[in-house]
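Quick caveat: nothing in here was measured; it's all calculated off a predicted structure.
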Amino acid sequence: MCGIVGLFLKDKSLEPELGNLLSDMLITMTDRGPDSAGIAIYGGTAEGRAKITIQSANPSADFEGLAGDLEKAGIKAHVWVKSTHAVIELDASKLADMRETLERIRPAVRLMGSGESVEIYKEIGLPKDVVARFGVRAMSGTHGIGHTRMATESAVTTLGAHPFSTGADQCLVHNGSLSNHNNLRRELVREGMTFETQNDSEVAAAYLTAEMAKGKDLGQALTGALDDLDGFFTFVVGTKSGFGVVRDPIACKPAVMAETDQYVAFGSEYRALVNLPGIENARVWEPEPATVYFWDHDKAA
């Protein structure tokens, strides 16, 4: 049992409120998973820029002088430290080189997410503490997803917390359990994917990344997941401009959605949505089994 939430804003006037709204939604789901929590915020950067979110168990050592060490390695970057995480903003052309550079100059840090838009913050602890630690309420953006975890498939660690990100501006939160993740992991490794954990949800994220690398959009990749992933699952997925939801054919994991002219929202339970603006006039429904729901700022679903 985990709690997942998502919010996709249609109304730009709500963008300064994204972090605050999403935080309230996630905190409401605390009793569905008290061991760790995380949030992904899609907020964009200036044209030609990108960002990477990293995590450290020893931030005072790993983040001290990081900007200077990156410059010595040939990468000019701005570094913002947020507790155990740091956001590195850099020229987008250097994004592909950053993982190798970090492995060389800061081998202990872990990559949470990267791309032109996404920032990911996750740690062991309750949602209210994770939200406060990283100042999520003050963050603005176009869409975001969150997760509070009750571990079933792997250890309680920062890396085992959701969201999982396995591609640029892509991340996934999951409620459920996959039965064929070990076989699928081996297939994805042969295709060149790498994994940080033994978590089945990371396999789901990597599957979607691999499918989108073949030219599929998020909606098409989620449709393929219905055939290729076995088990019980509800996924909420973010991309640079998109937001998708899918449930397995049995759909035993709870889910509810709401849509207005201002937003699309997802929650494991309706109580996660009750404080959203205009919720009393929203179209509220339970997403159907084996049905993909997909919204994109750049194109129609």
Side-chain angles (χ1 to χ4, degrees), residues 1-11 14-43 83 119-152 156 158 160-164 171-176 201 232-238 243-247 251-260 262-287 293 295:
M1 183 175 75
C2 296
I4 53 180
V5 297
L7 187 59
F8 178 90
L9 300 180
K10 304 177 184 179
D11 184 348
L14 283 180
E15 290 181 6
E17 294 297 315
L18 177 66
N20 193 46
L21 293 170
L22 198 60
S23 294
D24 283 341
M25 294 170 70
L26 186 61
I27 290 170
T28 303
M29 293 289 94
T30 296
D31 59 358
R32 294 193 61 85
D35 63 55
S36 57
I39 280 185
I41 298 285
Y42 287 85
S83 185
E119 295 178 23
I120 296 176
Y121 302 92
K122 58 184 186 179
E123 275 292 2
I124 296 169
L126 299 175
K128 68 179 181 64
D129 297 326
V130 172
V131 163
R133 169 179 277 190
F134 300 117
V136 175
R137 288 190 181 278
M139 297 182 70
S140 63
T142 56
H143 55 298
I145 63 178
H147 186 275
T148 185
R149 183 176 184 231
M150 180 176 289
T152 57
V156 179
T158 300
H162 301 217
F164 281 98
C171 66
L172 169 146
V173 293
H174 172 206
N175 182 21
S201 304
F232 303 116
F233 57 84
T234 297
F235 297 138
V236 179
V237 184
F243 171 86
V245 173
V246 69
R247 303 170 81 194
C252 65
K253 299 298 181 181
V256 62
M257 299 194 73
E259 184 171 14
T260 72
Q262 292 184 295
Y263 58 80
V264 179
F266 175 95
S268 290
E269 300 176 33
Y270 178 74
R271 60 194 170 104
L273 313 180
V274 295
N275 291 321
L276 290 173
I279 190 65
E280 64 277 5
N281 298 315
R283 180 174 75 93
V284 179
W285 77 100
E286 179 180 348
Y293 299 85
W295 291 263

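At a threshold of 4.5 Å between non-hydrogen side-chain atoms, the residues M25 and T28 do not count as touching. You'll find the side chain of L22 stays beyond 4.5 Å of the side chain of V136, heavy atoms only. Using a 4.5 Å heavy-atom threshold, the side chains of V5 and I145 count as separate. Within the 4.5 Å cutoff, the side chain of W285 has heavy atoms near those of the Y293 side chain. The side-chain heavy atoms of L9 and L7, taken from C-beta on, include a pair separated by under 4.5 Å. No side-chain heavy atom of L273 sits under 4.5 Å from any side-chain heavy atom of Y263. Taking 4.5 Å as the limit, every side-chain heavy atom of L18 sits out of range of all side-chain heavy atoms of M139. For the pair P34 and L126, the minimum side-chain heavy-atom distance is below 4.5 Å.
Using a distance-only test at 3.5 Å, with no hydrogens or angles considered, no donor-acceptor pair links the side chain of H174 to the main chain of T234. The backbone N or O of E123 sits nowhere less than 3.5 Å from a side-chain atom of T158 that would complete a donor-acceptor pair. The main-chain N or O of C2 is never found under 3.5 Å from a side-chain atom of K253 such that the two would form a donor-acceptor pair. Panel note: side chain Y42, backbone G238; a donor-acceptor pair is recorded below 3.5 Å. Under a 3.5 Å cut-off, the side chain of R137 and the backbone N or O of S23 do not form any donor-acceptor pair.
The heavy-atom pair separating A40 from I120 by the smallest distance is CB-CG1, 3.8 Å. For the pair A282 and A258, the tightest heavy-atom approach, listed with the atom from each and the gap, is CB-CB, 4.1 Å. In this structure, V130 and Y121 approach most closely via the heavy-atom pair CG1-O, 4.4 Å. The minimum heavy-atom distance between R32 and G3, with the atom names listed, is CB-N, 3.7 Å. Taking every heavy atom of both residues into account, P287 and R247 meet most closely at O-NH1, 2.6 Å. Counting all heavy atoms, side chain and backbone alike, T260 lies closest to G278 at CG2-O, 4.0 Å.
A salt bridge links D31 with R271: at least one charged nitrogen is closer than 4.0 Å to a carboxylate oxygen.
Remark: K122 qualifies as a cation-pi partner of F164 under the 6.0 Å distance and 45° angle criteria applied to the six-membered ring.
The distance from atom CD of E15 to atom CG of L21, rounded to the nearest 0.5 Å, is 12.0 Å. One finds the OG atom of S36 at 5.5 Å from the CZ atom of R149 (value rounded to the nearest 0.5 Å). Rounded to the nearest 0.5 Å, atoms NZ (K10) and CD (Q262) are 10.0 Å apart. Rounding to the nearest 0.5 angstrom, the gap separating the OG1 atom in T142 from the CG atom in L14 is 12.0 Å. With values rounded to the nearest 0.5 angstrom, L172 atom CG is found 10.5 Å from F233 atom CZ. Remark: Y270 OH to E286 CD distance equals 14.5 Å, nearest 0.5 Å.
Residue H162 is tested with V236, N175, I4, V173 for a side chain to side chain contact (heavy atoms under 4.5 Å, CB included); the sole match is V173.
In D129, the CG atom is crowded: over 12 heavy atoms of neighbouring residues, nucleotides or ligands sit closer than 6.0 Å.
For F243 and H143, the gap between ring centers reaches or exceeds 6.0 Å.
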